[in-house]
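Working notes, beginning with the structure itself.
Just so you know, these numbers use all the heavy atoms, side chains as well, and skip hydrogens, waters and symmetry mates.
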Amino acid sequence: MQNSQGRALAGMLDAAEAASPVEAVEAVTREVGVALGASAVSFLIADFGGRALVRLAHVPIGDAGGSRQHGDEVATLLPFDGSLAEQALRTQTVQVVARSDDWMVLAPVTERGEVIGLLEMALPEEPTARALGEIARTAHALAFVVIANRRHTDLFEWGQRTTPFTLSAEIQRRLLPGAFTCEASAFTLSGWLEPAASIGGDTFDYSLARDVLHFSVTDAMGHGVGSALTATLGVGSLRNTRRRGADLVEQADTANAAVAEHAGVRGSYVTAVLGRLDLRTGVCAMLNAGHVPPLLVRRGETQPLRLPGNFPLGMFSEAEFLHQEITLQPGDRLVVVTDGMLERNAANLDLPGVLGAISDLHPREAVRALADAVLEVGGPTLADDATLLIIDWYGGHGTDRRSSAGADLERASVALPE
């Protein structure tokens, strides 16, 4: 495997660009397999539910067994069961297992802490530490190939949808950010949306500027397509004003007017928490428009943030909005949820207690643990969307992030399945 890293990476871009977007990942993994001396190599993509991997393949109709098929495309679901594949993703470390006649290597495909999938490779000999490092870096490069090519095809999106989407779910999906996790030197952020049986209009969003992190969590009134359309008005307005450089009050004023004027259902509104975190100082401005109060986890204690009260966006067209600033301390965790985390059966969840128990988890794992906890007390299907956004604050903005193969391993604490 000596000098294989250079050969592998040298051929990846050429292979990706030579193939069509639909075939780019297969072309790249094939190139990687040859360069690294593998007898077999494949890419498994993470499903939208966050609890399984999906193997995508192109085979003749009739060869798919019990897998999903769309034309000649086949998607095989591999649920998490505590296997090495799950451990590779949750710990963000390469896993190796000896088999009867070869060695299986499982490397997470990750970008800025966002789990994209897994590179699965069979090698004829036990890999050295150097070889494993090469494979990890190759898997990281594969993440960018997936990100670039999925813009041009529905194949990856189809593969990740392990349950069919309704029209309202399709609309809601387009309102969410392209990545649910973002690691930076000063913070790590991760969001999660656990949908109700009838979509409840929840969204979360974020955008990183040079020295500022913008974020929001919103919940449109009602369910179904009407709720999704109201959410579209709210999120679209918030993004538009944010991109024009408006402050939180201006964003709320404009979104309030847009929902009040254009929402198709009389009395429609959107509750929201809007935030603007100064990455140089840790000062976080927040505006609560009729939403569940955000929670601050500091030194293991969870407290709600009592922000100035405001009406929901769109409830009254002439409403005025107030915001408040807090200063985050290194080690703080900011948690914003929607009322689906607290309503009906989900109200039995001891949210502060769970937040305390998972305070050491990476935000990517913490949002998953919270979603699992909500499903345990309020599932298997929820009466309302349960959405959450977690931001861990470290300070130290302007320094380089310490990462390996797309993940910050120093902050990648997890609770592995038993």
How about [X] and [Y]: does a side-chain donor come under 3.5 Å of a side-chain acceptor?
X: Arg150; Y: Gln160; answer: yes
X: Thr230; Y: Tyr269; answer: no
X: Asp81; Y: Ser83; answer: yes
X: Thr254; Y: Ser237; answer: no
X: Thr162; Y: Asp47; answer: yes
X: Asp219; Y: Thr338; answer: no
X: Gln324; Y: Arg306; answer: no
X: Glu194; Y: Trp192; answer: yes
X: Gln92; Y: His362; answer: no
X: Asp205; Y: Ser216; answer: no
X: Glu183; Y: Thr181; answer: no

Do you know which two heavy atoms are closest between [X] and [Y], and how far apart they sit?
X: Thr302; Y: Gly356; result: OG1-N, 4.4 Å
X: Pro294; Y: Val336; result: CB-CG2, 4.2 Å
X: His323; Y: Ala285; result: CD2-CB, 3.9 Å
X: Val41; Y: Thr29; result: CG1-O, 2.9 Å
X: Val94; Y: Ala107; result: CG2-CB, 4.0 Å
X: Ala272; Y: Thr218; result: CB-CG2, 3.8 Å

Are side-chain heavy atoms of [X] and [Y] found at a separation under 4.5 Å?
X: Arg242; Y: Ser207; value: yes
X: Val335; Y: Leu355; value: yes
X: Leu84; Y: Gln87; value: yes
X: Val32; Y: Met121; value: yes
X: Val115; Y: Arg364; value: yes
X: Leu322; Y: Asn310; value: yes
X: Val54; Y: Leu44; value: no
X: Phe321; Y: Asp253; value: yes

Might you work through the side chain to side chain contact (heavy atoms under 4.5 Å, CB included) test for Met286 and Leu334, ending with a clear yes or no? CA-CA 11 Å; Met286 282 186 286; Leu334 182 63; 4.1 Å; yes

Separation of [Y] [atom2] from [X] [atom1] (nearest 0.5 Å):
X: Ile45; Y: Leu53; atom1: CD1; atom2: CG; value: 9.5 Å
X: Arg112; Y: Ser403; atom1: CZ; atom2: OG; value: 7.5 Å
X: Glu126; Y: Asp102; atom1: CD; atom2: CG; value: 12.5 Å
X: Ile135; Y: Leu106; atom1: CD1; atom2: CG; value: 10.0 Å
X: Asn149; Y: Glu17; atom1: CG; atom2: CD; value: 7.5 Å
X: Asn240; Y: Arg244; atom1: CG; atom2: CZ; value: 4.5 Å

Output, in order, the C-alpha distance, side-chain angles, deciding distance and verdict of side-chain hydrogen bond (donor to acceptor under 3.5 Å, both in side chains) for Ser359 and Arg333. CA-CA 8 Å; Ser359 60; Arg333 168 167 286 180; over 6 Å; no

Angle class for the Phe180/Phe204 ring planes (parallel below 30°, perpendicular above 60°, tilted otherwise)?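 Phe180 vs Phe204 ring planes: perpendicular.
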
Are Glu73 and Arg68 close enough, and set up right, to give a salt bridge (charged side-chain N to carboxylate O under 4.0 Å, His left out), and what steps lead you there? CA-CA 8 Å; Glu73 306 297 340; Arg68 285 185 298 128; over 6 Å; no

Using a strict 4.0 Å threshold on nitrogen-to-oxygen distance, state whether Glu26 and Arg55 make a salt bridge. no

Looking at [X], I want to see if its [atom1] is surrounded by more than 12 non-hydrogen atoms of other residues, nucleotides or ligands under 6.0 Å.
X: Arg99; atom1: CZ; value: yes
X: Glu170; atom1: CD; value: yes
X: Asp211; atom1: CG; value: yes
X: Arg401; atom1: CZ; value: yes
X: Glu301; atom1: CD; value: no

Please assess Asp408 against Thr188 for the test side chain to side chain contact (heavy atoms under 4.5 Å, CB included), listing each intermediate value before the final yes or no. CA-CA 10 Å; Asp408 188 336; Thr188 295; 5.8 Å; no

Could you walk me through whether Asp332 and Arg299 pass salt bridge (charged side-chain N to carboxylate O under 4.0 Å, His left out), step by step? CA-CA 7 Å; Asp332 281 355; Arg299 292 186 290 275; 5.8 Å; no

Working for side chain to side chain contact (heavy atoms under 4.5 Å, CB included), residues Leu189 and Leu389: CA-CA 7 Å; Leu189 168 154; Leu389 182 70; 3.9 Å; yes

Let me see the working for Thr241 and Gln251 under side-chain hydrogen bond (donor to acceptor under 3.5 Å, both in side chains), right down to the final yes or no. CA-CA 6 Å; Thr241 50; Gln251 291 178 37; 4.7 Å; no

Would you check, one step at a time, whether the test side chain to side chain contact (heavy atoms under 4.5 Å, CB included) holds for Gln329 with Arg298? CA-CA 8 Å; Gln329 301 174 7; Arg298 175 173 289 171; 3.4 Å; yes

Ring-face cation contact, Phe215 with Arg276, 6.0 Å cut, 45° max: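 Pair Arg276/Phe215 does not count as cation-pi.
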
Restricting to side-chain contact (heavy atoms from CB on, under 4.5 Å), what partner residues turn up for Pro79, sequence neighbours left out?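 Leu77.
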
